[in-house]
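Let me begin by presenting the structure, written as structure tokens, before commenting on it.
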Amino acid sequence: MGKINIAGAKTLEGKVRIGGAKNASLPILAATLLAESKNTIKEVPPLKDVLTICEVLKQLGCSVEFGENGEIDVDSSELTEVEASDELVRQMRASFLVIGPLLARMKKARIPLPGGCAIGSRPIDLHLKGFAALGADIKFNHGFVEATCDDLIGDRVYLDFPSVGATENLMMAATRAKGETVIENAAEEPEVVDLANFLNKLGAKVVGAGTDTIKIEGVKELSGTEHTVIPDRIEAGTFMAAAAISRGDVLIENVISEHVKPVMRKMEEMGVSVTESDGNVRIKSKGRQLKPVKLKTLPYPGYPTDMQPQMVSLLSTVPGESIVTETVFENRFRHVEELKRMNANIIVQGNSAIINGASSLLGAPIKATDLRAGASLVLAGLVAEGTTQVHDMYHLERGYYGFMDKLSKLGAEIWKDHENIKKVL
Ligand code: UD1
């Protein structure tokens with residue numbers, strides 16, 4: 001997907017169904033390495049990132065089969081490799097999640113350093129500190145992390161920051177360690193809980209996921225299971241923002257409302273009508289006067305960093321001064337420069353964006369710099385005057401399945417560059 005076009009000033013109406021969570025699917029697929037048999041994972045979104053982790057699993061010796069409706073069978077009975085290729089790990093940082101399961105099962109792993117990222121430096125020190133605490137020997141060699149151990153031995157690990165990836169990687173490593181591992185200051189994100197539920201179905205003994213202290217009692221072996229991943233709270237939040245920015249009325253289906261509570265509450269504070277009912281959330285901003293707000297991104301249950309760019313776009317259309325502070329990642333305001341091309345009035349000072357939303361957005365050629373930035377620019381395009389062209393939309397393929405199609409069914413006019421007529425993917 002190169003460039004897409006959005007004809008602005010459209011109101012979104014109707015209903016949209018949310019798919020399975022990318023960020024739950026990736027660690028769960030990595031965790032299939034722990035079970036020495038076949039696993040069936042359901043509701044996995046067929047995204048680029050999912051295909052990448054499946055390629056990594058195949059490199060390690062798993063057989064991976066794609067069924068219908070997002071079902072993936074992974075048979076990890078026999079692993080033949082402990083090394084993932086640089087090419088795949090560079091494509092997606094989350095490939096690094098295989099190191100924990102490999103250490104637990106094979107007692108060694110050789111994984112390329114994931115390197116930098118458009119939204120900040122994103123180090124892996126907490127992952128490695130945790131493996132070392134469990135007795136692994138960690139070396140850096142020719143751009144690879146080489147981790148080895150005789151046996152992993154359970155211990156207490158305090159994370160300096162509640163990193164989602166480090167919590168997941170350590171939790172997986174600890175499932176087959178000797179004795180008890182306690183992860184303190186653990187991430188509490190719903191995706192961590194979904195992974196813990198999957199691990200427990202495999203036969204692991206994980207308690208406390210969803211709190212800041214997770215205890216894992218190591219077991220000798222784990223065996224395959226079936227699991228359905230949770231709905232994607234960031235996809236849900238993105239459609240909530242799309243409904244709100246277009247001053248529309250949209251029913252968002254297949255949502256665990258608890259997971260999107262920080263986004264719902266912020267929208268209510270802005271004056272958006274938010275109604276929860278039985279797995280659905282209805283967002284209505286049609287005919288309502290929205291108010292500016294202050295918000296700060298935080299680890300869960302705080303406001304999610306992955307919903308920050310979309311909210312910056314929304315607040316650029318709300319009269320008055322809003323302040324958005326990013327505390328999870330450095331350098332996560334790259335969408336702001338693009339929004340300014342669309343006439344948004346935003347100043348970045350340190351880790352805050354000061355948004356004066358009085359001006360109306362104007363369609364312009366702009367560029368997606370990462371996945372969520374790309375989504376935020378599409379949302380801005382929905383409401384801008386004239387046509388917006390968003391370049392480098394391949395970022396969106398990593399995280400949203402059928403995004404254009406879903407928006408189009410809600411009334412957006414959105415089309416790929418090479419299409420002569422305005423039709424959807
Ligand atoms: C996951 C999500 C990503 C989301 C992020 C925060 C997946 C696949 N990705 O990413 O979409 O934006 O959580 O909610 O689930 N850090 C360290 N040292 C480490 C690890 C992390 O300093 O060893 C720092 C990072 O630089 C960052 C912060 O911790 O500033 C949060 O990162 P982390 O929670 O680890 O994010 P990811 O797991 O990479």
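One-based numbering, in listed order, for ligands and for the atoms of each.
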- Note on the structure: Honestly, for D306 the part within reach of ligand 1 (heavy atoms, under 4.0 Å) is side chain
- Task: Report the part of V328 (side chain from C-beta onward, or backbone N, CA, C, O) that has a heavy atom under 4.0 Å from ligand 1; answer both or neither where that applies.
- Result: both
- Query: What atoms in ligand 1 come closer than 4.0 Å to a heavy atom of H127?
  - Reply: 23 (O)
- Note on the structure: Residues passing the ring-ring contact (aromatic ring centres under 6.0 Å, His included) test with F131, sequence neighbours excluded, are none
- Note on the structure: Closest heavy-atom approach to atom 34 (O) of ligand 1 among D49, V164, T167 is made by V164
- Query: When you check the side-chain N and O atoms of E326 and T305, is any donor under 3.5 Å from an acceptor?
  - Reply: yes
- Item | Partners passing salt bridge (charged side-chain N to carboxylate O under 4.0 Å, His left out) against D150 (at least two apart in sequence or in another chain) | none
- Query: I124 heavy atoms, cut-off 4.0 Å: which ligand 1 atoms fall inside?
  - Reply: 19 (C), 23 (O)
- Using a strict 4.0 Å cut-off to heavy atoms of N23, name the atoms of ligand 1 that fall inside it. 2 (C), 3 (C), 7 (C), 8 (C), 9 (N), 11 (O), 15 (O)
- ligand 1 atoms in contact with F161 (distance to a heavy atom under 4.0 Å): 28 (C), 29 (O), 31 (C)
- Under 6.0 Å from the CD atom of E184, do we count more than 12 heavy atoms belonging to anything else shown? yes
- Result for side chain to side chain donor-acceptor pair (under 3.5 Å) between T40 and one of D73, T225, T32 points to D73
- Task: Count the heavy atoms of every other residue, nucleotide or ligand shown that sit under 6.0 Å from NZ of K58, and state whether that count exceeds 12.
- Result: yes
- Intermediate values then yes/no, side chain to side chain contact (heavy atoms under 4.5 Å, CB included), Y300 and R233: CA-CA 12 Å; Y300 192 85; R233 66 193 166 103; 3.8 Å; yes
- R93 near ligand 1, heavy-atom distance under 4.0 Å? yes
- Would E191 count as a contact of ligand 1 if the rule is a heavy atom under 4.0 Å away? no
- For ligand 1, find out whether one of its N or O atoms is nearer than 3.5 Å to an N or O atom of G165. yes
- Query: Touching ligand 1 at all, P123? Heavy atoms, strictly under 4.0 Å?
  - Reply: yes
- Query: Looking at K22, R372, E235, which one forms a side chain to side chain donor-acceptor pair (under 3.5 Å) with Y400?
  - Reply: R372
- Task: In sequence, state the C-alpha distance, the side-chain angles, and the governing distance for T213 and I183, and then conclude on side chain to side chain contact (heavy atoms under 4.5 Å, CB included).
- Result: CA-CA 6 Å; T213 306; I183 308 174; over 6 Å; no
- Message: So, regarding K22 and ligand 1 (criterion: nitrogen or oxygen to nitrogen or oxygen, under 3.5 Å), is there a contact or not?
- Response: no
- Task: Check ligand 1 against T305 and write out every atom of the ligand that is under 4.0 Å from a heavy-atom position of the residue.
- Result: 6 (C), 12 (O), 14 (O)
- Note on the structure: Any heavy atom of L126 under 4.0 Å from ligand 1? The part involved is both
